[in-house]
Structure formats: C-alpha cells, structure tokens
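Here is the structure we will look at, set down as structure tokens.
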2 protein chains.
Amino acid sequence: MTGTTPPAAPTSVELMDQLAQAAAAYYRSFATVAAARGLTLMQGKMLSLLRRPVPMRTLAELLACDASNVTGIVDRLEGHGLVRREADPADRRIKRVTLTEEGERTVREIRAELLTTLGGLDDLGDRDRRTLQRVLGRLFPAGTD
Amino acid sequence: MTGTTPPAAPTSVELMDQLAQAAAAYYRSFATVAAARGLTLMQGKMLSLLRRPVPMRTLAELLACDASNVTGIVDRLEGHGLVRREADPADRRIKRVTLTEEGERTVREIRAELLTTLGGLDDLGDRDRRTLQRVLGRLFPAGTD
DNA sequence: AGGAATTACTTGAGGTCATCAACTATCGAG
DNA sequence: CTCGATAGTTGATGACCTCAAGTAATTCCT
C-alpha cells in the first residue's frame, strides 16, 4: 500500500462499458435534437454529412449501408425540402445530393444545439482535450469495422 | 511564438465531430459482432443488459423506448432461444426477462469479441484510462437525454 | 469502333425497429 | 369493492435496412 492511488485506473472492460454508455447517450441526444425538427436520427446524420454536394454512392459508403437505403432517406429529406438531387455533368449516372438553404440552416441548428447538449465540452482543459482526441482517434481509427 | 505548442488543443466543435465518429464506429463494431451471431444491434444491446432477470418495463426505460417495442424484441430473442420470460411471483403483471444458458454464452462471446475489436483499449496507460473515464462520465452523465 | 463488364441509382419484397392507441390483466388505495 | 394506476400485448403505420433485380450511363478491351 503506497497510500497514493486513491481510485484504481479503470479496466479495459470498464472502459468498454463506459464507451457503450457514452455512445448510447450521444445518439439519444442526437435523435432528440433531430426530432425537434421532425427528423429521424438517420436523416439528421445524413444531413450533417452534406457540407458539400455528395454522390449517393459516397453517402452509402460513409453511412456503411446499402445504396438502396440512401435512396429512401434522400427521398424523405427531399420531401422535407432540405435536400436536392442534382446531376453530375461529368457523369450522368451520378446524382449529387445538395443541401437547400433550409437544409443548411437546419444543419447549423442541429450542430449548435448538439454542442449545447454536450455542454461539458467547453469546460474541458487543453490537456483533457488533447487526450480525448488522441485516445478516441486511436480506439476508433477512420474506417473501423 | 513560444515554440513549444506543436498541436493546438482541439476545439469543442472538433471534439464533437470526433465523438460522432467514435460513436458511429462503436456501433458499427457492435452491429458486426452481433450480426456474426445472427442478431441485430438492438437484440445484442438488450442481451447485454440481462446480467440478471429484468422486467420488461425496466428494459423499456433502459433502452429509452416504448414498452411495446420491447415485446417484439424479446419475442425475437425468445425465438432464438437466448431468453426466457418468467413470471414474477410477487406481482403477476410483471414478466422478468432472463438469459438462457445459450443466451449467457452469447453475451460472453459478444463482449469478448467487442473487447478484441476495441484492441486499443489494452494499450492505454493508467493516466489515459482515468482521463477517459472522467471525461466521458462528465460529458454523458447517467440518464442524459 | 463495338460489345462486355462495371458502376450509379432505383424499385420491390421482406424483416426489424419505433411510436401510438386501444385492450387485458393485475395491483393498490380509498 | 370499486377506481385508478401499472405491466404487458396487439395492431396500425412509418422509417430503416438488406437483398435481388432492373435501367441507364460509363469504361474496358480486343
């Protein structure tokens, strides 16, 4: 007993459970924020991918789902007037999904409200920020499956 | 220029995006692990809540969904032979959902495989473990909505 | 150049998830 | 003992998700 280790460092299993809890809470917040605008989680997720026009195929890859699934989600977003399909002049097979002005506004609102919900973020110090970024980046490298 | 701050600390917005990426990657891994056993994400999630018999109502609260939704998911898990409904002798309205032996085995396998997928966890040092636990606990307090 | 393989997207079928409204059965309080 | 609340189910409806099949446009290949 050294007397200097008040809380033991959490085990990998405990961290895994905490990650599960965090992921669930994150998506619950996201779904709530999206629902406040009449959108589902997936619709909100797709919207937030559209910082620039994106081909349907690319969306399917980003969301790790079937292309036919994207068709339906874009249909519904288009029905809400948040998104537009525009032809790619260079390759007429491709349809690029683009935000309408209302879509851009909605994305900004969703992101702003989500940031508010994750209020704790602003309270983090530089050291914690760096650690969080580094650890998450290592645990979930881009393109994890 | 002090010359001693190579990477600037990430902003709250950057951290939010990283959390989004991490949450998505976590669930993709979970879904893949569950699918390897013929289960969906929600079925796997519910299974992993059953460390002990749990009333349907409680499951609905834990998953933050309607009670009628739980009925269907438990139906399917029961169909797979992973779960059993047993009556609560003290209150005959209540049905407690219990893992079968095969269900317990499946939960163990899922958790073990998920831990393998999150291989980076084992490489974390004590300091990072503590930081991760503290920060996630602060960002996503139990019962966040 | 011209036919074959590839790629982008859509459609339709079938299953899971999710919520709501209505219903049954049981419990608990007055 | 009746009334109100609670636990669970059912049925309707819509979103998500995958697969198989189909159309249109592009690219490859000889």
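In what follows, every chain begins at residue 1, and chains take the letters A, B, ... in the order their sequences are listed.
Residues B:M56 and B:I94 fail the side-chain proximity criterion, which asks for heavy atoms closer than 4.5 Å.
Among the protein residues, A:N69 comes within range of the nucleic acid bases, having at least one heavy atom under 4.0 Å from a base atom. Within 4.0 Å of A:R85, counting heavy atoms only, lie sugar-phosphate atoms of the nucleic acid but no base atom.
In this structure, A:M42 and A:P89 both approach DNA chain D, and ranking their closest nucleotides by distance from the 5' end singles out A:M42. Nearest-nucleotide positions on DNA chain C for A:R93 and A:G72 put A:R93 closer to the 5' end. Nearer the 5' end of DNA chain D, as judged by each residue's closest nucleotide, is the contact made by B:T58, out of A:V70 and B:T58.
At a cut-off of 3.5 angstrom, the base of C:dC9 holds no donor-acceptor pair with the side chain of A:S68. For D:dC17, the base has no donor-acceptor partner in the side chain of B:T40 [N/O atoms by modelled type, under 3.5 angstrom].
We find that CG of A:D66 is positioned 16 Å from C1' of D:dA15, with the value rounded to whole Å. Rounded to an integer number of Å, the gap from CE of A:M56 to P of D:dA25 is 16 Å. To the nearest angstrom, P of D:dT10 lies 7 Å from CG of B:D75. When rounded to the nearest whole Å, the span between NZ of B:K45 and P of C:dA18 equals 7 Å. Taking atom CG of residue A:L63 and atom P of nucleotide D:dA15, one finds them 17 Å apart after rounding to whole Å. The nearest whole Å value for the distance from the CG atom in A:L39 to the P atom in D:dC16 is 10 Å. In this structure, CZ of B:R57 is placed 17 Å from P of C:dC27, rounded to the nearest angstrom. The separation between A:E61 atom CD and C:dA8 atom C1' is 11 Å, rounded to whole Å.
Here the nucleotide nearest the side chain of A:R92, chosen from C:dC9, D:dT9, D:dA25, is D:dA25. Closest to the B:I94 side chain, of the nucleotides D:dA7, D:dC17, D:dT10, is D:dA7. When distances run from any side-chain atom of A:D91 to the nucleotides D:dG8, C:dT10, D:dT26, the shortest one goes to D:dT26. Taking every side-chain heavy atom of A:Q43 into account, D:dA15 is the closest of D:dA15, C:dT16, D:dT10. In this structure, of D:dC16, D:dG8, C:dA18, it is C:dA18 that holds the atom nearest to the side chain of B:I73.
Atom-to-atom distance recorded for A:T100:OG1 and A:H80:NE2 is 12.0 Å, nearest 0.5 angstrom. The CD atom of B:E101 sits 12.5 Å away from the CG atom of B:L82 when rounded to the nearest 0.5 Å. Atoms CZ and OG1, from B:F30 and B:T117 in turn, are 11.0 Å apart once rounded to the nearest 0.5 Å.
Tested against B:E86 for a salt bridge (charged side-chain N to carboxylate O under 4.0 Å, His left out), the candidates B:K95, B:R52, B:R92, B:R96 yield a single pass: B:R96.
Taking side-chain N and O atoms only, A:R96 has no distance below 4.0 Å to OP1 or OP2 of C:dA8.
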Check: Can B:L77 and B:V97 be said to form a side chain to side chain contact (heavy atoms under 4.5 Å, CB included), step by step?
Finding: CA-CA 10 Å; B:L77 285 176; B:V97 182; over 6 Å; no
